[in-house]
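What follows is one structure encoded as structure tokens, with my remarks underneath.
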Amino acid sequence: MSLLQALTPRSVAILGASDNPIKAGGRPIDYLRRHGFAGRILPVNPKRAEVQGLAAYPSLRALPEAPDAVVISLPGEDVAAAIDDCVAVGARLAVIYSSGFAELGEEGRQQQADLVARARRAPNGGLRLFGPNCQGVAHFATGAILNFSTMINENAPADGPVAIVSQSGAGAAILYGGLRRAGIGVRYMLSTGNEADVCAAEAVRAVVEDEGIRLVVLYIETLRQGAWLAEAVRLAHARGVTILAVKAGRTRAGQATASSHTGALAAEDALADAFLRQHGIPRLADFRELIDYAPLFLSQPAPRGRRVVSISNSGATCVLSADAAEEYGLALEPFDAATLDGLSRALPPYVTARNPIDMTTALLGRPQTFGDTLQALSGSGAADLVHVGFPIGGEGYDFADFAGQASRFARDTGVPIAVSVNQDWVARAFQDQGVPTFWSERAAMRGLALLAEQAGGRQARAPSAEASAPVPASRSLTLVTLDEPSSLSELARAGLPVMRHLVCRSEDEVRAALESLPRPLVAKGVSADLSHKSEHGLVRLNIREAGQALAAFADFAATLGRLGVADGGLLLGAQHKADFELALGAHVDAEFGVVVMVGQGGVLVEALRDVQFLVAPFSAQQALDAIARLAIAPAFAAVRGMPAVERQAVASMMVRLGNWMLAQGGRVQSVDANPVLVARGAQAPVIVDAVVAVAAAPAVSPEAA
């Protein structure tokens with residue numbers, strides 16, 4: 001049975017069933033009865049013969065039939081036995097309200113893991129668990145409400161195209177209430193709690209299988225099982241389903257709070273951010289934004305690009321919308337001659353046809369101006385997105401007509417439209433026509449940018465993403481750090497550009513190296529025990545003469561001896577000029593797999609933290625986009641007669657590194673190439689220092705040998 005099927009039970013048992021519909025053990029019974037559940041409701045309470053007018057049973061094993069789903073509303077110490085009973089009677093789903101598990105620490109985590117182990121004893125691993133410490137799940141289309149949220153009483157259920165998935169029960173309720181108050185129907189509300197078994201990513205994968213779902217709103221504090229979410233995204237994109245997410249824990253303080261709240265260590269936020277961006281999942285700031293932007297994604301088509309046209313009857317709105325468009329990376333491009341010609345006929349002669357379009361107060365005496373402006377844009381191809389701002393409306397403005405024209409424009413052209421307003425009655429006129437409204441120009445522009453981000457994410461996904469296999473992470477492995485020459489050799493075999501170099505272990509080898517390498521040279525001491533050599537004085541530049549190289553050889557040997565570390569000799573390498581120092585790295589993450597990093601390099605890489613991450617595999621365009629997000633990126637352009645940096649060469653290195661790490665199957669666990677020297681013009685980047693860590697080969701016992 002699939003997880004989606006498990007969310008559609010034909011019978012439900014409630015352990016800890018209460019006659020009081022206000023208590024957690026009573027609410028699901030009340031909800032099931034009042035909201036259309038057609039299956040059997042089986043209260044379990046050894047102290048009562050009847051609960052809320054239904055026959056009650058002393059135990060799960062005493063039921064007259066095997067329930068498909070079981071709600072467990074019991075003290076934490078009774079949950080393990082309840083899971084055993086669920087397995088014994090053949091239940092397929094257990095929803096555990098009970099708390100006192102991983103959120104309390106290591107002992108609770110072990111008890112929680114024991115629940116999963118017990119559930120796995122079911123035939124074919126057939127018992128799935130939501131929770132513990134969750135508020136429950138609900139499938140409103142069938143009335144299968146196995147949830148104790150009071151928000152369901154405040155906002156009557158109505159089936160609709162939205163699924164809510166949240167690690168937080170309160171978060172799920174906030175989203176449900178906000179969406180229902182906005183008149184949007186909700187089909188699923190799933191709270192995953194501590195995620196002993198079913199995690200948010202798997203829950204998303206389940207609900208996108210439902211062909212009635214068009215939007216999934218997701219709240220997570222920790223992104224677990226990225227492979228499930230990646231699979232969900234592939235299916236969602238194929239079916240035209242949008243996933244919007246709030247990922248909490250952006251700050252260290254937020255991550256610490258998330259850890260204590262969910263009973264799990266928060267994943268590195270930058271990696272989650274990279275994962276969501278690459279998979280076309282717009283990341284919103286909070287619950288309010290999820291609620292506010294849901295109508296936009298439900299009503300508007302996917303844009304073809306990021307060009308936006310803004311239209312208003314207010315000069316202030318035009319200026320504010322232009323500011324917001326630039327802030328969110330939307331392009332307010334000038335109109336071509338054909339579009340200008342059409343707009344000149346639509347607008348009064350004293351209005352300049354430029355973007356943003358200010359219709360001025362002429363709209364009051366000439367209301368057809370709005371429709372004519374939209375008509376001029378509809379056939380021009382000048383807009384991928386349209387913002388309309390009506391900051392003030394009163395007598396003389398037919399907003400019902402304006403709203404109808406806006407709705408038809410979006411439907412006929414496939415160009416999304418968002419409206420900013422400041423009056424409730426104006427907003428209602430547009431909302432009645434299915435046109436989303438916002439209370440500021442900035443909010444409307446952000447919504448359009450989110451639409452463009454989601455559409456762009458669909459197009460930019462790496463074509464090989466479906467085939468990526470999980471790579472074992474270092475969490476359970478012993479690592480061996482290679483010395484610099486061995487690390488450079490690994491990267492050279494990966495096809496990455498590394499500096500020409502030789503390793504010298506005698507004075508004769510030093511002299512021979514000087515004859516075969518171009519000067520000037522850089523000299524480095526070699527030791528697998530030292531990752532950072534410069535802080536020990538083991539790096540010298542501008543080596544041109546044999547005496548300089550031989551002195552470095554002797555001095556470095558003495559330093560390594562004084563430090564008590566292995567002496568691997570002297571590395572002599574070609575010294576390269578560069579305009580920029582970048583850092584290029586990769587590691588195998590336990591949740592996300594192979595992660596590649598690019599950023600400002602050198603000794604200040606940790607201090608500057610100007611870095612971007614990508615989850616492999618990724619496309620060259622995604623690598624270029626990551627480079628463009630670096631704070632240093634504007635300096636890569638052609639400046640004052642100097643040529644631009646060949647960003648494509650850096651992007652190609654990133655793609656190659658990610659694919660090579662995947663192909664290693666976990667043998668290589670991390671790469672730190674810093675610095676990567678990058679020059680302006682056609683000169684190729686080159687790696688001049690690197691540290692590679694590999695998984696140690698497992699020990700072989702004499703018997704096995």
Side-chain angles (χ1 to χ4, degrees), residues 305-308 322-337 354-355 382 449 452 456 460 488 491-492 495-501 517-522 534 539-544 573-585 596-614 618-657 673-690:
R306 301 186 69 88
R307 297 172 306 152
V308 65
D323 287 345
E326 182 172 336
E327 178 183 357
Y328 293 121
L330 299 177
L332 279 164
E333 294 185 356
F335 298 122
D336 61 22
R354 62 188 175 202
N355 193 12
L488 291 173
L491 299 184
L496 296 170
V498 302
M499 68 173 180
R500 287 182 58 190
H501 64 279
L517 292 172
R519 304 181 197 182
L521 300 173
V522 58
S534 58
V539 178
R540 291 185 188 175
L541 303 175
N542 297 313
I543 302 292
R544 297 179 182 273
Q575 187 171 313
H576 293 262
K577 292 182 179 180
D579 295 293
F580 302 97
E581 290 187 351
L582 296 185
L584 181 63
V596 174
M597 181 207 76
V598 67
Q600 286 198 62
V603 296
L604 296 179
V605 60
E606 290 89 356
L608 295 174
R609 300 186 67 82
D610 181 17
V611 297
Q612 289 290 318
F613 295 94
L614 289 168
F618 49 86
S619 66
Q621 184 58 54
Q622 288 174 318
L624 287 168
D625 291 343
I627 295 168
R629 289 192 294 271
L630 294 172
I632 198 175
F636 295 162
V639 178
R640 295 189 177 184
M642 295 184 293
V645 168
E646 291 286 348
R647 298 189 189 195
Q648 186 64 55
V650 180
S652 296
M653 290 178 67
M654 295 167 62
V655 172
R656 186 178 293 274
L657 177 59
N674 179 26
V676 178
L677 299 183
V678 179
R680 295 182 180 277
Q683 186 173 328
V686 60
I687 298 169
V688 298
D689 199 349

[atom1] of [X] to [atom2] of [Y]: how many Å apart, nearest 0.5 Å?
X	Y	atom1	atom2	answer
Q575	I543	CD	CD1	8.5 Å
L582	I632	CG	CD1	6.5 Å
Q600	F580	CD	CZ	9.0 Å
D689	S534	CG	OG	8.5 Å
L630	Q612	CG	CD	5.5 Å
L521	R540	CG	CZ	14.0 Å

Next on the checklist: Working note: F618 + V596, criterion side-chain contact (heavy atoms from CB on, under 4.5 Å); need CA distance, chi angles, decisive distance, verdict.
Outcome noted: CA-CA 10 Å; F618 49 86; V596 174; 3.8 Å; yes
Minimal non-hydrogen separation, [X] against [Y], with atom names:
X	Y	result
P685	V678	CB-CG2, 4.1 Å
A651	I627	N-CD1, 3.8 Å
L677	H576	CD1-O, 3.5 Å
G681	E646	O-CG, 2.9 Å
L488	A690	CD2-CB, 4.0 Å
L491	A673	CD1-CB, 4.4 Å

Okay, side chain of [X], backbone of [Y]: is any donor-acceptor separation there less than 3.5 Å?
X	Y	result
Q622	S619	yes
R306	G329	yes
N542	V522	no
R680	V645	no

Next on the checklist: For the residue pair N355 / E333, report whether a side-chain donor-acceptor contact shorter than 3.5 Å exists.
Outcome noted: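 Not at all, the side chains of E333 and N355 share no donor-acceptor pair under 3.5 Å.
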Next on the checklist: Could you tell me if the side chain of R354 sits less than 4.5 Å from the side chain of P334, heavy atoms only?
Outcome noted: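 P334 does not reach R354 side chain to side chain.
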Item to check | Sub-4.5 Å side-chain heavy-atom contact between M653 and L584 | outcome: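 They are in side-chain contact.
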Checklist entry - Counting heavy atoms not belonging to E327, are there more than 12 under 6.0 Å from its CD? => result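 Count over threshold, so yes.
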Checklist entry - Run the side-chain contact (heavy atoms from CB on, under 4.5 Å) check on M499 and I687 step by step: do they pass? => result CA-CA 6 Å; M499 68 173 180; I687 298 169; over 6 Å; no
